[in-house]
Amino acid sequence: MSDYVSARVADAVGNAEGSARLYAALAKELPTHAELRQRAVASAIQAGDMKLALELSRGLPFDRAPLELRMLRIADLLLRGRSADSVRLLQSTGGTIDSTFLLPFVEAWARADQGDPAALASLDSVNPQSALASQLDEHRALILLKLKRPAEALPLAQKALAAAGGRADRLRLAFAEGFRAAGDSASAAMLLEGRGTAVAIGRARLAARRPLGEAIDSSPKAFGELLLGLAVALNRLEDKGISISLAQVARFANPGNDAAQLLLGLLLAEAGRSDQAVAVLRTFQPEASFAAQAADAEVRLLLDAERGEEALNLARRLAETKPGADSYARLGGVLSRLERHGESADAYARAIGAARSGPASDELWELMLYRAGALEDSNRWPEAKAAAEAALALSPENSLLLNFLGYGMLERGEQLDVAEAMVRKASALRPDDASITDSLGWAQFKRGRVDEAIATLARAAVADPGQAEIREHLGDALFTAGRRIEARFEWRAALATVEEAEVRDRLERKLQSGLTPATAAP
């Protein structure tokens with residue numbers, strides 16, 4: 001009983017490894033206790049101990065197994081080259097969970113592994129309402145690439161990428177690898193155009209005529225990718241356990257899939273299991289395609305867990321061992337979060353220098369904006385303004401830059417006509433952006449058009465009611481118009497979400513004595 005309680009506690013606090021060990025010991029002591037065995041198997045899968053999960057599940061009928069164990073058994077069969085057995089198991093419709101929705105994909109890839117041109121026909125039976133229907137285009141494209149039919153694969157790959165969301169970079173690399181292997185390097189290069197560290201690594205490998213290392217070209221790899229897509233879809237559920245389990249099985253099916261490792265780390269973090277998430281993210285090899293994204297995720301986790309010095313040490317170490325625009329920008333972001341704004345500005349300056357000395361980058365303006373923000377937070381507005389103006393020269397239709405410059409000038413009473421014109425242009429470019437709408441309303445207020453300002457600021461408050469700055473601005477405008485009860489309502493709403501002590505103090509004084517030159521928002 002003591003071991004059982006300990007196992008339940010370990011399970012409840014997210015200690016999958018401890019839970020798996022305890023449940024496994026109990027299951028071995030009580031081999032006829034089906035519930036204990038199922039808990040032990042589930043915990044082992046959550047912990048990524050597939051050897052233990054498979055050992056504990058021996059003799060458990062497939063139709064009585066939970067979904068994650070079924071997936072593990074199919075993956076194990078595919079890895080051992082027993083595609084026919086996996087197809088046979090998936091044809092079973094018994095039990096509480098119908099897993100036949102996987103059958104068309106597994107069958108199609110089993111045929112593709114044999115070079116059967118009829119492999120694609122197996123996918124025709126996928127139910128359009130299936131959770132996996134959204135992955136049809138990508139698997140059709142990948143099978144066509146395996147069959148060396150790149151011309152037919154290209155439109156399907158492009159369509160799949162357009163709908164891939166957070167999996168786009170992973171699929172981009174996999175498709176590019178498929179086109180390279182099929183002898184179509186031109187299409188591979190075209191798919192690797194665009195931003196992103198992983199994509200840039202893929203471009204470099206392709207140019208050097210090296211494998212990209214992200215192929216999806218066999219039944220086990222394709223099955224793992226299928227599970228990743230399913231894990232992402234099921235992550236909308238409140239219980240993150242099933243998504244974590246599916247990501248673990250996906251890693252088992254394709255141990256070389258860096259994207260599965262990254263997704264697992266992110267899922268663990270979202271489930272509140274930050275220590276396990278950090279442990280997973282630290283297993284990336286430096287040359288891995290998604291190593292930079294894993295480092296970014298680890299830094300964010302450490303910062304959110306108020307482990308700022310660890311985050312800073314990691315960011316510094318990465319900047320030293322792998323200097324470049326991404327590493328310096330990561331360091332700048334950490335320093336900014338730690339409110340070391342002067343050092344942050346210096347780090348962003350190094351990132352800008354690295355970006356300028358490398359290949360032409362579309363991200364240069366973004367680095368310059370981050371540096372401008374750090375300079376402004378350091379009370380170095382003239383330098384911040386110059387940095388933002390230099391960025392605007394590179395990207396003159398950029399709403400973020402226009403808003404940063406225009407709002408900063410408004411706050412300081414500089415060139416009000418120019419400032420308002422910038423903010424108005426930014427708002428025209430992004431009319432649904434609440435922060436930019438707020439800037440426009442504040443410009444109108446600063447220019448004395450109070451009624452117009454109230455209408456604009458009210459629109460911003462509806463779009464983002466939790467943003468304290470917007471609610472304070474609206475309160476100031478309402479008070480100026482003589483609508484003092486409404487003004488105090490807005491100030492109280494701002495006070496409920498504000499974090500900065502200085503702003504909190506200003507709002508409290510306004511609530512006590514009203515709007516004065518000393519309590520007015522800047």
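Residues Ser130 and Asn127 have side chains that never bring a donor and an acceptor to within less than 3.5 angstrom of each other. Looking at Arg140 and Gln135, their side chains never bring a donor and an acceptor atom within 3.5 Å of each other. Judged by distance alone, the side chains of Arg350 and Tyr328 do bring a donor and an acceptor atom under 3.5 Å apart. No hydrogens or angles considered: nothing links the side chains of Gln467 and Asp438 as a donor-acceptor pair under 3.5 Å.
One N or O on the side chain of Thr497 and one on the backbone of Gly466 form a donor-acceptor pair closer than 3.5 Å. Under a 3.5 Å cut-off, the side chain of Arg371 and the backbone N or O of Ala347 do not form any donor-acceptor pair. No donor-acceptor pair under 3.5 Å is formed between the side chain of Ser336 and the backbone N or O of Gly332. Remark: the backbone N or O of Ala460 is not paired with any side-chain donor or acceptor of Thr437 at under 3.5 angstrom. Listed for the Arg172 side chain is no donor-acceptor partner under 3.5 Å among the backbone atoms of Leu161. In terms of modelled atom types and a separation under 3.5 Å, the side chain of Ser395 and the main chain of Ala391 share no donor-acceptor contact. Between the side chain of Asp113 and the backbone N or O of Ser219, at least one donor-acceptor pair lies under 3.5 Å. Formation of a donor-acceptor pair under 3.5 Å by the Ser357 side chain with backbone atoms of Ala354 is found in this model. Under the 3.5 Å distance criterion, the side-chain polar atoms of Tyr348 are matched with a main-chain donor or acceptor of Gly333. In this structure a side-chain-to-backbone donor-acceptor pair under 3.5 Å is missing from Arg205 to Pro211.
Here the CD atom belonging to Gln158 is positioned 6.5 Å from the CG atom belonging to Leu191, to the nearest 0.5 angstrom. Atom CG in Asp184 sits 11.5 Å away from atom NZ in Lys148 (nearest 0.5 Å). Between the OG atom in Ser243 and the CG atom in Leu266 there is a gap of 12.0 Å [rounded to 0.5 Å]. A distance of 12.5 Å separates CG of Asp258 from CG of Leu263, quoted to the nearest 0.5 Å. Distance CZ/Arg273 to CD1/Ile244: 4.5 Å, rounded to 0.5 Å. Atom OG in Ser435 sits 6.5 Å away from atom CG in Asp464 (nearest 0.5 Å).
For Ser245 against Gln46, the heavy-atom pair with the smallest separation is OG-NE2, 3.1 Å. Residue Ala374 comes nearest to Ser344 through the heavy atom pair CB-OG, 3.7 Å, listed as atom of the first residue, atom of the second, then distance. The minimum heavy-atom distance linking Ala269 with Ala277 is given by the pair N-CB, 3.6 Å. Considering every non-hydrogen atom in both Leu147 and Pro117, the closest pair reads CD1-CA, 4.2 Å. When all heavy atoms of Ala388 and Leu401 are compared, the closest pair comes out as O-CD2, 4.3 Å. For the residue pair Ala315 and Val334, the shortest heavy atom distance occurs at CB-CG2, 4.0 Å.
Note: Phe105 and His139 have perpendicular aromatic rings, judged against thresholds of 30 and 60 degrees for the angle between ring planes.
Here Arg307 pairs with Asp275 in a salt bridge; the nearest charged N to carboxylate O distance falls below 4.0 Å. For the pair Arg149 and Glu152, the salt-bridge criterion is met [side-chain N within less than 4.0 Å of a carboxylate O]. Ion pairing between a basic and an acidic side chain is recognised when a charged N comes within 4.0 Å of a carboxylate O; Lys159 and Glu138 show no such pairing. A salt bridge links Asp217 and Lys221; the closest N-O separation between the charged side-chain nitrogens and carboxylate oxygens is under 4.0 Å.
Side chains of Leu145 and Pro150 form a contact here, defined as non-hydrogen atoms less than 4.5 Å apart. In this structure, the side chains of Leu281 and Leu262 come closer than 4.5 Å at one or more pairs of heavy atoms. Taking the side chain as every heavy atom from C-beta outward, Gln91 and Leu103 approach each other to under 4.5 Å. Residues Asp169 and Phe290 meet the side-chain proximity criterion, which asks for heavy atoms closer than 4.5 Å. Side chains of Leu331 and Leu312 form a contact here, defined as non-hydrogen atoms less than 4.5 Å apart. Side chains of Leu123 and Ile143 form a contact here, defined as non-hydrogen atoms less than 4.5 Å apart. Using a 4.5 Å cut-off on side-chain heavy atoms (C-beta onward), Glu68 and Ile242 make contact. Val423 places none of its side-chain heavy atoms less than 4.5 Å from the side chain of Leu402.
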Evaluate the side-chain contact (heavy atoms from CB on, under 4.5 Å) criterion for residues Asp85 and Arg88: first the C-alpha distance (whole Å), next the side-chain angles of each, then the deciding distance (0.1 Å), finally the verdict.
-> CA-CA 5 Å; Asp85 289 336; Arg88 178 182 55 77; 4.1 Å; yes
Test side-chain contact (heavy atoms from CB on, under 4.5 Å) applied to Arg251 and Asn257, step by step = CA-CA 7 Å; Arg251 287 177 77 203; Asn257 187 349; over 6 Å; no
Hey, mind stepping through Leu369 and Trp365 against side-chain contact (heavy atoms from CB on, under 4.5 Å) and telling me if it holds?
-> CA-CA 6 Å; Leu369 176 58; Trp365 70 265; 4.0 Å; yes
Could you check Glu193 against Arg203 for salt bridge (charged side-chain N to carboxylate O under 4.0 Å, His left out), going step by step and ending with a plain yes or no?
-> CA-CA 8 Å; Glu193 294 173 357; Arg203 274 199 303 271; over 6 Å; no
Verdict with reasoning, Arg170 to Ile216, per side-chain contact (heavy atoms from CB on, under 4.5 Å) | CA-CA 10 Å; Arg170 158 64 177 158; Ile216 303 174; 3.3 Å; yes
Test Arg180 against Glu177 for salt bridge (charged side-chain N to carboxylate O under 4.0 Å, His left out), laying out the working first.
-> CA-CA 5 Å; Arg180 185 194 68 82; Glu177 179 77 311; 2.8 Å; yes
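Here Ser327 pairs with Ala319, Lys322, Arg330 under the side-chain contact (heavy atoms from CB on, under 4.5 Å) rule; sequence neighbours left out. Residues meeting the side-chain hydrogen bond (donor to acceptor under 3.5 Å, both in side chains) test with Lys425, sequence neighbours left out: Glu397. The side-chain contact (heavy atoms from CB on, under 4.5 Å) test applied to Asp304 returns Arg337, not counting sequence neighbours.
Counting heavy-atom neighbours within 6.0 Å of Tyr370 OH, excluding the residue itself, gives a total of 12 or less.
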